[in-house]
Amino acid sequence: MSLLTELTDLVSQAFVDAGLDASYGEVVVSQRPELAQFQCNGALPAAKPAGRNPRGIAQDVIDRIEQDNRIEAASIAGPGFINITVTDTSLATHLQSTIAVGRLGLPEVEPRSILVDYGGPNVAKPLHVGHLRPAIIGESIKRLLRFQGHDVVGDVHLGDWGTPMGQLIVEVEARMPELPYFDEAFTGPYPQESPVTIDELEEIYPAASQRCRDNPDVAERARKATLELQNGRPGYRALWQHFRNVSIEAIKENYDELGVEFDLWKGESDINDLLAPLIERLVAQGYAEESDGSLIIRVQTDDDNRDVPPLILTKSDGATLYATWDLATIQDRIESLGIVEMIYVVDVRQSLHFEQVFRAARITGIAGPEIVLEHAGNGTVNGPNGKPFQTRTGGVKTLRSMLEDAAALSLSKMDARDLAAGYPQEERLSIAHLVGLAAVKFGDLSNHRESNYIFDMDRFTSFDGKTGPYLLYGTVRMSSLLRNAKEIGVSPGEIVPPTHEAERALLLELARFPEVIERAAELRAPNHIAEFAYELVAAYNRFYEACHVLTEEDTGRRAGWVGLVAHTRDALGRLLDILGIEAPERM
Ligand code: ARG
């Protein structure tokens with residue numbers, strides 16, 4: 001049980017004993033740590049309905065909780081706030097018991113089947129900087145909910161079914177008309193080998209969409225090809241399958257480099273067979289109606305104070321669209337995967353799309369009220385000028401080149417600090433790689449998910465301040481202290497009651513762990529984890545300055561401190577893992 005829960009239970013009981021409602025007893029971390037560790041503000045709202053004076057209630061509660069041996073001091077502040085400080089012994093005992101139970105004080109949850117839809121890369125397009133936020137935020141949310149104990153799967157939801165596919169087909173036909181994919185008389189089998197590599201595909205894609213913009217005839221052919229692909233024309237399907245395979249291979253490599261891992265590699269196309277029966281049902285039951293040849297679902301409600309346009313289910317040629325696929329995908333996830341909660345980590349600019357899809361899913365009964373559908377939108381990464389991040393030549397920067405830059409800059413900053421000096425070159429490079437990744441990920445995750453931020457590689461790779469490298473350096477220092485302790489034969493002992501202010505502060509910081517996790521999970525907000533990880537390292541560094549662990553003469557205290565360091569490193573390791581950040585052994 002967390003310390004806050006323990007204290008809340010104690011204070012709530014005191015409210016009950018004073019004839020008041022238990023709900024007033026909530027204890028929070030104090031806003032003014034110089035005055036007290038914790039506070040309860042319940043006496044103020046309790047006063048009016050009870051017809052009592054808030055300070056009187058506060059005193060009544062204080063008189064009761066003071067009896068408890070965990071309480072060091074309790075006092076009234078201002079109009080009736082209750083300030084609480086716990087004893088050093090109870091702090092130590094509390095921390096020791098969370099170590100014994102494991103999970104760092106985190107309560108058990110009732111596991112739910114959750115799917116996180118993130119990444120959303122598209123066939124034939126290289127991963128660029130714009131893909132960074134959804135990938136690492138989604139990955140972090142997945143790990144966070146998994147750590148809480150939920151059954152979580154991540155789905156990449158590949159963009160593989162729209163007009164771009166028809167454009168690619170038409171462009172490849174123009175360049176290589178002799179291929180069998182375009183010959184309707186051809187009965188197969190089609191070649192095993194892809195006619196295009198990923199590099200060619202990445203060149204063909206922009207050329208194809210440019211040609212469609214320039215030439216209406218080509219655009220019309222691409223439209224037809226898209227429809228025929230969706231309707232199952234064998235040659236087009238076979239060619240598209242090659243596009244898909246070579247793209248997935250390249251995309252996987254990119255996500256691997258980023259340390260982002262998906263359980264499911266499904267895409268927009270996966271639900272194609274569900275579409276016809278679904279559309280038929282929606283028409284038959286009157287949910288879908290015709291409008292200018294298209295089929296639409298109206299999702300506007302009387303409570304709306306803005307226009308929410310209808311969801312377009314099919315175009316006039318019968319082709320299905322982005323929203324249709326997302327709608328059918330919801331049905332598929334519920335029916336075939338048993339998912340009860342779907343979290344979409346996708347650019348906030350798609351919020352209207354998700355609003356329409358979620359409403360349509362509710363209206364049509366695809367998702368019952370027990371199903372959670374949530375768009376956890378992400379902001380964008382901008383370059384130093386506040387505009388979308390670009391390469392020197394003006395193109396969009398690929399993810400790979402950004403990570404290479406980060407590793408190179410990290411190496412020079414390590415050199416400037418004499419870090420990893422004298423290590424084998426191979427190890428130095430692999431440390432620089434981890435530092436670069438930590439820099440990029442922490443730089444991103446420390447911002448609120450919905451904000452846009454300016455990518456500042458120089459600041460992100462700094463070893464000072466609120467950065468990934470600072471956290472890694474902190475972890476490495478903890479590990480090195482633990483290695484040294486082992487060498488002199490000191491093993492981690494039971495946590496001792498703190499005697500230094502910095503030590504007490506570290507214990508209090510560690511006690512916040514469960515609430516931080518819960519809050520971050522509830523808000524789908526990894527920035528709370530990032531912030532807490534930073535504060536934990538800062539608290540550790542102050543402790544390390546004040547308490548000379550390995551030279552401490554009192555052997556019980558020395559072992560206790562080593563135990564505290566081990567516990568801090570575990571907690572930090574867990575937080576970094578949730579952020580998707582890996583630390584080197586040494587540097
Ligand atoms: N591929 C889409 C894009 O590039 C993002 C997909 C997001 N996920 C979803 N289920 N719609 O905009």
Side-chain angles (χ1 to χ4, degrees), residues 114-139 141-142 152-168 201-202 205-206 209 226 240 243-244 247-248 250-252 254-255 260 262-272 274-275 278 299 311-313 320-334 336-337 339 341-361 366-367 371-381 388-389 396 398-399 449-450 524:
I114 303 177
L115 182 143
V116 186
D117 176 323
Y118 66 106
N122 298 313
V123 161
K125 287 205 230 172
L127 288 195
H128 57 78
V129 174
H131 290 99
L132 187 70
R133 294 223 82 188
I136 61 191
I137 294 170
E139 178 73 19
I141 292 175
K142 179 188 77 181
V152 193
V153 290
D155 181 6
V156 73
H157 201 74
L158 195 65
D160 63 357
W161 212 221
T163 319
M165 300 305 111
Q167 296 178 343
L168 283 173
L201 204 55
E202 287 177 0
Y205 177 75
S209 63
T226 308
W240 163 82
F243 297 160
R244 206 176 179 276
S247 295
I248 288 183
I251 290 170
K252 264 195 180 148
N254 264 242
Y255 281 133
V260 167
F262 295 94
D263 307 284
L264 299 174
W265 279 82
K266 289 180 168 271
E268 294 165 347
S269 65
D270 271 281
I271 44 69
N272 196 54
L274 300 180
L275 293 173
L278 174 63
V299 295
L311 176 146
I312 304 176
L313 208 52
T320 53
L321 297 144
Y322 188 45
T324 331
W325 314 323
D326 262 325
L327 195 57
T329 301
I330 293 177
Q331 175 182 325
D332 186 41
R333 287 170 177 170
I334 297 170
S336 62
L337 300 171
I339 300 297
E341 191 166 325
M342 284 165 236
I343 301 171
Y344 296 78
V345 182
V346 180
D347 198 314
V348 282
R349 289 171 293 185
Q350 293 198 24
S351 67
L352 177 62
H353 164 76
F354 286 107
E355 182 74 54
Q356 292 171 310
V357 170
F358 295 166
R359 286 186 183 202
I366 289 173
I371 304 287
V372 175
L373 300 170
E374 187 179 332
H375 176 204
N378 63 269
T380 51
V381 188
F389 208 82
V396 182
T398 63
L399 215 48
R449 146 166 85 63
E450 288 193 1
R524 326 309 194 184

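Remember, it's a predicted structure, so these values are computed and weren't measured experimentally. Positions are given from 1 along the sequence. One-based numbering, in listed order, for ligands and for the atoms of each.
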Quiz item: Under 3.5 Å, is there a donor-acceptor pair linking the side chains of Asp326 and His353?
Solution: yes
Does one side chain, of Tyr322 or Glu268, offer a donor that lies under 3.5 Å from an acceptor on the other?
-> no
Within the distance-only criterion (no hydrogens, no angle test), does the side chain of [X] pair as donor or acceptor with the backbone N or O of [Y] below 3.5 angstrom?
{"X": "Ser209", "Y": "Pro206", "result": "yes"}
{"X": "Asn378", "Y": "Glu450", "result": "no"}
{"X": "Arg449", "Y": "Arg524", "result": "yes"}
{"X": "Trp240", "Y": "Asp160", "result": "yes"}
{"X": "His375", "Y": "Glu355", "result": "no"}

Just to be sure I read this right, does ligand 1 sit under 4.0 Å from the backbone of [X], its side chain, both, or neither, counting only heavy atoms?
{"X": "Thr329", "answer": "neither"}
{"X": "Trp161", "answer": "neither"}
{"X": "Asp326", "answer": "side chain"}

What atoms of ligand 1 come within less than 4.0 Å of a heavy atom belonging to [X]?
{"X": "Tyr322", "result": "2 (C), 5 (C), 6 (C), 7 (C), 9 (C), 11 (N)"}
{"X": "Asp117", "result": "8 (N), 9 (C), 10 (N)"}
{"X": "Val346", "result": "7 (C), 8 (N)"}

- prompt: Within a strict 4.5 Å, meaning less than it, do heavy atoms of the Ile330 and Phe358 side chains meet?
  reply: yes
of all protein heavy atoms, closest to atom 1 (N) of ligand 1 is Asn122 OD1, 2.8 Å
heavy-atom search around atom 12 (O) of ligand 1 in the protein gives Gln350 NE2, 2.8 Å
message = Could you check whether any heavy atom of Tyr118 sits closer than 4.0 Å to an atom of ligand 1, since that is the contact criterion I want to use?
response = no
Mind checking whether [X] has an N or O less than 3.5 Å away from an N or O of ligand 1?
{"X": "Pro121", "value": "no"}
{"X": "His353", "value": "no"}
{"X": "Tyr344", "value": "no"}

